[in-house]
Amino acid sequence: QVRLVESGGGLVQAGGSLRLSCAASGKIFNAYNMAWYRQAPGKQRELVARITSGGSTDYADSVKGRFTISRDNAKKMVFLQMNTLKPEDTAVYYCNAFLGGDYWGTGTLVTVSS
């Protein structure tokens, strides 16, 4: 079992930056593949970025070059650095852990004003 708690969301102007954090419980955090998803109003949840247990990363085309995912296994945390934010980045952002099954946090709201 993994419990995930996101933080760092808020209101920011277009062009600004935010850093999301996800704190995880569990004894084998470093074995999990981790990801950030987002869900905008009226839209389906979509993958934003993911990082494997080995540290490989990949990103949605819409955020490449602007967002960076990272993890700190010692602290059992995952981060999403979001730069050059756009109004279309407005969404609830969810932390996800996967190892044989999916675990989700409750989300943190990011609102980007134009």
Side-chain angles (χ1 to χ4, degrees):
Q1 284 283 350
V2 176
R3 182 170 176 264
L4 304 171
V5 179
E6 303 96 336
S7 62
L11 175 63
V12 63
Q13 287 189 333
S17 298
L18 281 175
R19 189 190 193 212
L20 304 184
S21 299
C22 172
S25 64
K27 295 182 179 180
I28 55 171
F29 172 79
N30 58 342
Y32 283 82
N33 295 320
M34 302 297 297
W36 287 95
Y37 284 74
R38 67 186 181 187
Q39 187 166 16
K43 295 188 177 182
Q44 289 189 329
R45 191 173 296 190
E46 63 175 358
L47 176 67
V48 175
R50 58 187 169 196
I51 183 166
T52 68
S53 58
S56 297
T57 60
D58 66 280
Y59 299 88
D61 287 344
S62 59
V63 306
K64 280 181 182 176
R66 300 188 298 122
F67 291 10
T68 303
I69 189 171
S70 61
R71 65 190 297 163
D72 185 332
N73 288 336
K75 295 182 178 179
K76 297 183 181 179
M77 296 193 72
V78 180
F79 306 98
L80 186 68
Q81 178 65 43
M82 305 186 295
N83 299 327
T84 320
L85 283 160
K86 304 175 180 180
E88 51 263 44
D89 294 318
T90 295
V92 177
Y93 283 72
Y94 297 91
C95 183
N96 169 269
F98 179 81
L99 181 65
D102 278 303
Y103 300 91
W104 296 92
T106 56
T108 185
L109 177 63
V110 172
T111 303
V112 184
S113 64
S114 57

With ILVMFWY side chains joined below 4.5 Å, transitively, what does V5's cluster contain besides itself? none
Kindly work out whether a path of hydrophobic side-chain contacts (I/L/V/M/F/W/Y, heavy atoms less than 4.5 Å apart) joins [X] to [Y].
X   : Y   : value
F98 : Y32 : no
V48 : V92 : no
V78 : I28 : yes

Could you pull out every donor-acceptor pair under 3.5 Å between side chains of residues 102-109 and any protein atom, sequence neighbours left out?
| residue | atom | partner | partner atom | Å |
| --- | --- | --- | --- | --- |
| D102 | OD1 | N96 | ND2 | 3.0 |
| T108 | OG1 | G9 | N | 3.2 |

Test: ring pair (Phe, Tyr, Trp, His ring centres under 6.0 Å). Region: residues 5-30. Which pairs qualify, not counting sequence neighbours?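 Applying ring pair (Phe, Tyr, Trp, His ring centres under 6.0 Å) to every pair that reaches into residues 5-30, excluding sequence neighbours, yields nothing.
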Please give me the minimum heavy-atom distance between [X] and [Y], naming the atom from each residue.
X    : Y   : answer
S114 : A14 : CA-CB, 4.4 Å
A97  : L4  : N-CD1, 3.7 Å
A24  : V2  : CB-CG1, 4.3 Å

Kindly compute the distance separating [atom1] ([X]) from [atom2] ([Y]), expressed to the nearest 0.5 Å.
X   : Y   : atom1 : atom2 : value
F67 : N83 : CZ    : CG    : 8.5 Å
T68 : R19 : OG1   : CZ    : 10.5 Å
S21 : F79 : OG    : CZ    : 5.0 Å

Test log, rule side-chain contact (heavy atoms from CB on, under 4.5 Å), inputs R38 and V63: CA-CA 12 Å; R38 67 186 181 187; V63 306; 4.0 Å; yes
Check whether K76 reaches the backbone of A23 with its side chain - one donor and one acceptor, N or O, closer than 3.5 Å.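 Checking the backbone N and O of A23 against the side chain of K76, no donor-acceptor pair under 3.5 Å is found.
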Sequence neighbours left out, what pairs pass salt bridge (charged side-chain N to carboxylate O under 4.0 Å, His left out) with at least one residue falling in residues 105-114?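 Listed by first then second residue: nothing to list.
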For [X], check side chain to side chain donor-acceptor pair (under 3.5 Å) against everything at least two apart and list the hits.
X   : value
E88 : none
Q39 : none
R66 : D89
N73 : R71

Apply side-chain contact (heavy atoms from CB on, under 4.5 Å) to residues I51 and N33 and explain how you reach the verdict. CA-CA 6 Å; I51 183 166; N33 295 320; over 6 Å; no
Quick check with a 6.0 Å cut-off and a 45 degree axis cone: is R45 positioned over the face of Y94's six-membered ring?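 Output yes; distance and angle both within limits.
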V110: what forms a side chain to side chain contact (heavy atoms under 4.5 Å, CB included) with it, not counting sequence neighbours? L18, L20, M82, Y93, V112
So disulfide (SG to SG under 2.5 Å) across residues 63-94, not counting sequence neighbours, yields none
Hey, could you give me each pair passing disulfide (SG to SG under 2.5 Å) that has a residue in residues 64-114? Not counting sequence neighbours. C22-C95
Could you note down all residue pairs passing side-chain hydrogen bond (donor to acceptor under 3.5 Å, both in side chains) where residues 47-61 supplies at least one of them, sequence neighbours left out? R50-D58, D61-K64
Any non-hydrogen side-chain atom of T111 less than 4.5 Å from a side-chain atom of V12? no
Could you tell me if the side chain of E46 sits less than 4.5 Å from the side chain of Y37, heavy atoms only? no
